[in-house]
Enquirer: 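This is the structure I have questions about; it appears just below.
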Amino acid sequence: MLNLSSGNGGAYIRFLSQTQKWENSDKVAITLPLMVMDMESVRTGWLLLAVGQRDWVEDATVGVKGKQPSPEYKRGFSVKLFSKPTGVVEWCANQVGANKGFQAIFNECDKATAANPGKVPIISYDGSTSVKIGAGNTSIPNFSLKNWVTRPAAFDADPADADFEEPEAAPAPVRQAAKPKPAPAPVQDDEEMFN
């Protein structure tokens with residue numbers, strides 16, 4: 001089973017609901033490009049985030065709640081995303097807004113998975129919506145499904161391989177000019193055929 005914990009120093013991105021911005025694992029603000037989402041990597045579980053502390057307790061089965069370790073743990077998710085500018089990154093969150101935004105795009109992609117075998121969805125971040133939930137405010141990131149593509153090799157590559165480079169897409173096939181159709185045979189009268 002995949003271990004998607006960022007505790008190994010892996011690259012990640014996160015959504016800051018108060019500022020409605022994204023940042024990378026270097027804590028640098030980024031503009032989120034179109035991303036390819038690895039549906040096979042999606043995990044759910046209980047996530048504890050506190051100053052200097054991160055603990056992820058994965059559900060045995062995606063979407064089936066395991067036992068909450070303590071009240072400080074909140075429901076969360078983990079998913080691998082890929083784009084050329086970011087490489088493969090993990091997005092792992094337990095904020096209400098992030099959970100709602102991810103749940104919406106996951107459901108949309110999941111419904112179309114069977115019609116796109118062997119492919120993964122390309123999603124775009126389309127801004128966020130501020131909402132009041134309970135006594136607090138949050139932001140829900142909005143996504144849309146753009147297309148489906150063949151699974152990038154980067155999802156299966158060893159990130160420690162410094163020489164790894166995502167291969168370029170295969171060039172589109174060159175269309176051959178259509179062969180000219182043979183000219184129709186001259187029409188003969190019935191009488192000419194028998195003379």
Side-chain angles (χ1 to χ4, degrees), residues 1-8 10-25 27 29-50 54-66 68-69 72-83 85-116 119-134 136-149 151-152 154-155:
M1 186 169 282
L2 296 175
N3 178 1
L4 298 177
S5 166
S6 292
N8 63 4
Y12 64 86
I13 58 171
R14 66 183 191 154
F15 178 68
L16 307 171
S17 61
Q18 284 74 26
T19 60
Q20 300 182 358
K21 305 277 186 207
W22 292 88
E23 72 177 22
N24 63 19
S25 45
K27 299 197 182 326
I30 60 170
T31 300
L32 203 63
L34 287 177
M35 305 288 285
V36 177
M37 181 168 57
D38 182 3
M39 297 289 287
E40 293 176 14
S41 75
V42 174
R43 300 292 184 262
T44 56
W46 294 98
L47 179 61
L48 170 66
L49 290 174
R54 179 189 187 280
D55 190 33
W56 171 248
V57 179
E58 188 176 303
D59 294 333
T61 303
V62 173
V64 178
K65 284 184 186 180
Q68 184 177 13
E72 294 81 27
Y73 286 74
K74 297 179 188 171
R75 289 299 292 164
F77 66 89
S78 173
V79 62
K80 284 202 280 187
L81 302 168
F82 171 78
S83 74
T86 64
V88 176
V89 293
E90 177 191 23
W91 181 28
C92 186
N94 68 353
Q95 304 154 322
V96 172
N99 284 349
K100 286 182 176 290
F102 179 69
Q103 180 75 55
I105 191 62
F106 175 83
N107 287 348
E108 183 178 354
C109 295
D110 191 47
K111 286 178 189 170
T113 298
N116 294 281
K119 295 188 174 185
V120 289
I122 297 176
I123 61 172
S124 72
Y125 168 64
D126 302 329
S128 56
T129 305
S130 295
V131 294
K132 185 168 183 65
I133 296 179
N137 297 318
T138 191
S139 297
I140 300 173
N142 302 310
F143 298 94
S144 58
L145 173 58
K146 294 300 183 188
N147 203 353
W148 291 83
V149 295
R151 180 183 171 83
F155 281 137

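Only heavy atoms go into these numbers, but all of them, side chains included; no hydrogens, no water, no symmetry mates. What you are looking at is a predicted structure, and each value in this text was computed from that prediction instead of being measured.
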Enquirer: Mind running side chain to side chain contact (heavy atoms under 4.5 Å, CB included) on I122 and N147 for me, showing each step along the way?
Expert: CA-CA 5 Å; I122 297 176; N147 203 353; 4.2 Å; yes
Enquirer: Walk me through whether V88 and F155 qualify under side chain to side chain contact (heavy atoms under 4.5 Å, CB included).
Expert: CA-CA 7 Å; V88 176; F155 281 137; 4.2 Å; yes
Enquirer: What closest approach, in Å, do S139 and F15 show between heavy atoms, and which atom pair accounts for it?
Expert: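 Minimum heavy-atom separation between S139 and F15: O-CE2, 3.5 Å.
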Enquirer: Using the side chain to side chain contact (heavy atoms under 4.5 Å, CB included) rule, take W56 and S78 through it: C-alpha gap first, then chi angles, then the decisive distance, then the call.
Expert: CA-CA 9 Å; W56 171 248; S78 173; 4.1 Å; yes
Enquirer: Please examine the side chains of P121 and E108, heavy atoms only from C-beta on, and report whether any two atoms are closer than 4.5 Å.
Expert: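 Sidechains of P121 and E108: no contact.
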Enquirer: Counting C-beta onward and ignoring hydrogens, is there a side-chain heavy-atom pair between V42 and F102 closer than 4.5 Å?
Expert: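 Yes, their side chains come closer than 4.5 Å.
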Enquirer: CD of Q95 to CD of Q18: how many Å apart, nearest 0.5 Å?
Expert: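 Going from the CD atom of Q95 to the CD atom of Q18 covers 7.0 Å.
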Enquirer: Considering all heavy atoms of both residues, which atom of N99 and which atom of A93 are nearest to each other, and what is their separation?
Expert: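 Answer, listing the atom of N99 first, then A93: OD1-O, 3.6 Å.
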Enquirer: What's the verdict on side chain to side chain contact (heavy atoms under 4.5 Å, CB included) for F82 and D38, showing C-alpha distance, side-chain angles and the deciding distance?
Expert: CA-CA 8 Å; F82 171 78; D38 182 3; over 6 Å; no
Enquirer: Check whether any side-chain heavy atom of T86 lies under 4.5 Å from a side-chain heavy atom of L81, and answer yes or no.
Expert: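 Counting from C-beta outward, T86 and L81 never come under 4.5 Å.
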Enquirer: Could you grab the distance from atom CG of L32 to atom CG of N24, nearest 0.5 Å is fine?
Expert: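 The CG atom of N24 is 11.0 Å from CG of L32, to the nearest 0.5 Å.
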Enquirer: Would you say NZ of K132 has more than 12 non-hydrogen atoms from neighbouring residues, nucleotides or ligands within 6.0 angstrom?
Expert: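 Above 12, so yes.
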Enquirer: Are a donor atom and an acceptor atom from the side chains of Q20 and S130 found within less than 3.5 Å of each other?
Expert: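 Note: Q20 and S130 side chains meet the donor-acceptor criterion.
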Enquirer: Taking C-beta and beyond as the side chain, do D110 and M39 meet within less than 4.5 Å on heavy atoms?
Expert: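 Of all side-chain heavy-atom pairs linking M39 with D110, at least one is under 4.5 Å.
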Enquirer: I'd like to know if the side chain of T44 and the backbone of G63 have a donor-acceptor N/O pair within less than 3.5 Å.
Expert: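 Confirmed, T44 side chain pairs with G63 backbone.
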Enquirer: Determine whether L48 and P69 make a side-chain contact, defined as any pair of heavy atoms from C-beta on separated by less than 4.5 Å.
Expert: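 Counting from C-beta outward, L48 and P69 never come under 4.5 Å.
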Enquirer: Between V89 and M35, is any pair of side-chain heavy atoms under 4.5 Å apart?
Expert: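 V89 reaches M35 side chain to side chain.
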Enquirer: Could you measure the distance from the OG atom of S124 to the CD1 atom of I105? Nearest 0.5 Å is fine.
Expert: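 The distance works out to 7.5 Å.
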Enquirer: What is the minimum heavy-atom distance between V120 and R151, and which atoms define it?
Expert: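 Shortest heavy-atom contact: CG2-CA, 3.8 Å.
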Enquirer: Should the pair R75 and W46 be classed as cation-pi, given the thresholds of under 6.0 Å to the six-membered ring centre and 45° from the axis?
Expert: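 Yes - R75 lies over the ring of W46, closer than 6.0 Å to its centre and within 45° of its axis.
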Enquirer: Just verifying a value: how many Å separate S83 OG and I13 CD1, rounded to the nearest 0.5 Å?
Expert: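 That separation rounds to 8.5 Å.
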Enquirer: To the nearest 0.5 Å, what is the distance between NZ on K21 and OG on S128?
Expert: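 With rounding to 0.5 Å, NZ (K21) is 9.0 Å from OG (S128).
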Enquirer: Under 4.5 Å between any side-chain heavy atoms of T31 and Y125, yes or no?
Expert: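 No, every pair of side-chain atoms sits at 4.5 Å or beyond.
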Enquirer: With no hydrogens and no angle check, is any side-chain donor or acceptor of N94 less than 3.5 Å from a backbone partner on L47?
Expert: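 Checked: pair present.
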Enquirer: Would you say C92 and Y12 make side-chain contact, with heavy atoms under 4.5 Å?
Expert: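 Sidechains of Y12 and C92: no contact.
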Enquirer: Can you tell me how far OG1 of T129 sits from NZ of K100, rounded to the nearest 0.5 angstrom?
Expert: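 The OG1 atom of T129 is 12.0 Å from NZ of K100, to the nearest 0.5 Å.
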Enquirer: Assign the ring pair F143 / W91 to parallel, tilted or perpendicular, where the plane angle (0 to 90°) is split at 30° and 60°.
Expert: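 Because their plane-to-plane angle lies in the 30° to 60° range, the rings of F143 and W91 count as tilted.
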